[in-house]
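Single-structure report; data block below.
Values below: all heavy atoms of this structure, side chains included; hydrogens, waters and symmetry mates excluded.
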Amino acid sequence: MAQVLDIAMKIPERIRSMRQERLSSLRPLSEFFDHQRISRPQDTNEAFQRITYNTRHFSGNYAVVVALLTVYGMINDMLLLFALVFLVAGFWAINRFAPEPMQVGEHVITQKSLYTGLFVVGGLMLWFASPFGFVFWLVGSSAFLILGHAAFIEPPVSSEYTGVETV
């Protein structure tokens, strides 16, 4: 249990470092939405080359797109949002207010029994909220938007010379 808490405590730090890393590679919106560079690829080989280049070039922007789609999907799926908030708030409340076993009448309620109850109720809520449907929607919509953008935006001419070394 201590390992789980250690991992949970390191999550905000990891999110901060990942956010700094990703946000440092953000491209300007004028470059990301440059309608002058939109064209249909001539064949699948050119489309794959564009996707390969653009996914690396716009990786920070694509991470923001996925984050925005996640927020949009959570707002639209209130039952899933409520279930996740219920589970997170339950974990927080149990850790904060019930670290020691407590006596209620003739019964002793331990932290383990509170976690079991939280998992049962939260698991049922998640079952009805269908988180797998949300994940599949998120993967599909993200792939459609990102691959569509990456395939139709022409890389700049300078990208042709990225592997060439000057002497």
Side-chain angles (χ1 to χ4, degrees), residues 1-35 38 47 50-105 107-153:
M1 187 57 131
Q3 292 174 344
V4 172
L5 291 176
D6 288 341
I7 292 171
M9 294 303 220
K10 291 179 183 177
I11 288 175
E13 180 183 315
R14 288 182 184 176
I15 289 174
R16 264 187 245 113
S17 68
M18 186 170 51
R19 183 177 59 190
Q20 288 173 350
E21 177 185 316
R22 286 291 180 187
L23 292 181
S24 67
S25 68
L26 275 178
R27 302 291 176 186
L29 290 177
S30 59
E31 183 181 350
F32 188 67
F33 293 116
D34 189 5
H35 66 325
I38 294 176
R50 287 183 182 187
I51 289 170
T52 302
Y53 175 79
N54 285 332
T55 51
R56 276 183 280 162
H57 187 69
F58 293 116
S59 65
N61 297 69
Y62 292 147
V64 170
V65 167
V66 171
L68 289 174
L69 283 172
T70 303
V71 169
Y72 172 76
M74 289 299 243
I75 289 171
N76 281 333
D77 193 353
M78 291 304 268
L79 184 58
L80 180 60
L81 181 64
F82 180 73
L84 291 175
V85 167
F86 176 80
L87 284 169
V88 170
F91 277 118
W92 175 80
I94 290 170
N95 284 331
R96 173 115 164 112
F97 298 116
E100 303 291 324
M102 61 182 128
Q103 184 80 23
V104 178
H107 301 286
V108 175
I109 299 177
T110 63
Q111 200 175 34
K112 184 178 178 181
S113 63
L114 290 173
Y115 280 126
T116 303
L118 180 66
F119 277 127
V120 168
V121 173
L124 285 172
M125 290 173 68
L126 280 177
W127 177 268
F128 288 113
S130 178
F132 295 116
F134 174 75
V135 169
F136 287 132
W137 173 83
L138 182 62
V139 168
S141 60
S142 299
F144 178 77
L145 288 175
I146 291 170
L147 293 177
H149 180 270
F152 283 99
I153 295 290

Worksheet item: Which is it for Ile75 and Leu81 under the side-chain contact (heavy atoms from CB on, under 4.5 Å) test, yes or no, and what are the steps along the way?
Response: CA-CA 7 Å; Ile75 289 171; Leu81 181 64; 5.6 Å; no
Would you say the side chain of [Y] lies within less than 4.5 Å of the side chain of [X], judging by non-hydrogen atoms?
| X | Y | value |
| --- | --- | --- |
| Met74 | Leu84 | yes |
| Leu118 | Phe86 | yes |
| Gln111 | Ile94 | yes |

Please round to the nearest 0.5 Å and tell me the distance separating atom [atom1] of [X] and atom [atom2] of [Y].
| X | Y | atom1 | atom2 | answer |
| --- | --- | --- | --- | --- |
| Phe82 | Leu87 | CZ | CG | 10.0 Å |
| Arg27 | Asp34 | CZ | CG | 13.5 Å |
| Phe33 | Ile38 | CZ | CD1 | 10.0 Å |
| Ile153 | His35 | CD1 | NE2 | 10.5 Å |
| Ser59 | Asn54 | OG | CG | 11.0 Å |

[X] versus [Y], closest heavy-atom pair with distance:
| X | Y | result |
| --- | --- | --- |
| Val108 | Pro101 | CG1-CB, 4.0 Å |
| Ala129 | Asp77 | O-OD2, 3.6 Å |
| Thr55 | Ala150 | CG2-CB, 4.3 Å |
| Met102 | Ala98 | CE-CB, 3.9 Å |

Discussion item. Between Tyr53 and Phe58, is the ring-ring contact (aromatic ring centres under 6.0 Å, His included) condition met? List the steps.
Written reply: CA-CA 9 Å; Tyr53 175 79; Phe58 293 116; 7.8 Å; no
Discussion item. Could you check whether any side-chain N or O of Gln103 sits under 3.5 Å from a backbone N or O of Gly105, counting only pairs where one atom can act as donor and the other as acceptor?
Written reply: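 Side chain of Gln103 to backbone of Gly105, a donor-acceptor pair under 3.5 Å: yes, one is there.
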Item to complete: Determine yes or no for a side-chain-to-main-chain donor-acceptor pair under 3.5 angstrom, with Ser113 supplying the side chain and Ile109 the backbone.
Response: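 Absent.
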Worksheet item: With a 6.0 Å cut-off on ring centres, are Trp127 and Phe132 close enough?
Response: no
Practice prompt. With Val66 as reference, evaluate Leu69, Val64, Leu68, Thr70 under the side chain to side chain contact (heavy atoms under 4.5 Å, CB included) test and give the passing residue.
Written response: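 Of the listed options, the one satisfying the test is Thr70.
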All N/O donor-acceptor pairs, side-chain side in residues 134-149, below 3.5 Å, sequence neighbours left out:
residue: Ser141; atom: OG; partner: Trp137; partner atom: O; Å: 2.9
residue: Ser141; atom: OG; partner: Leu138; partner atom: O; Å: 3.3
residue: Ser142; atom: OG; partner: Leu138; partner atom: O; Å: 2.7
residue: His149; atom: ND1; partner: Tyr62; partner atom: OH; Å: 2.7
residue: His149; atom: NE2; partner: Phe32; partner atom: O; Å: 2.8

Fill in: Test side chain to side chain donor-acceptor pair (under 3.5 Å) applied to Asn76 - qualifying residues, sequence neighbours left out
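Counting only residues at least two positions away or on another chain, Asn76 forms a side chain to side chain donor-acceptor pair (under 3.5 Å) with Tyr72.
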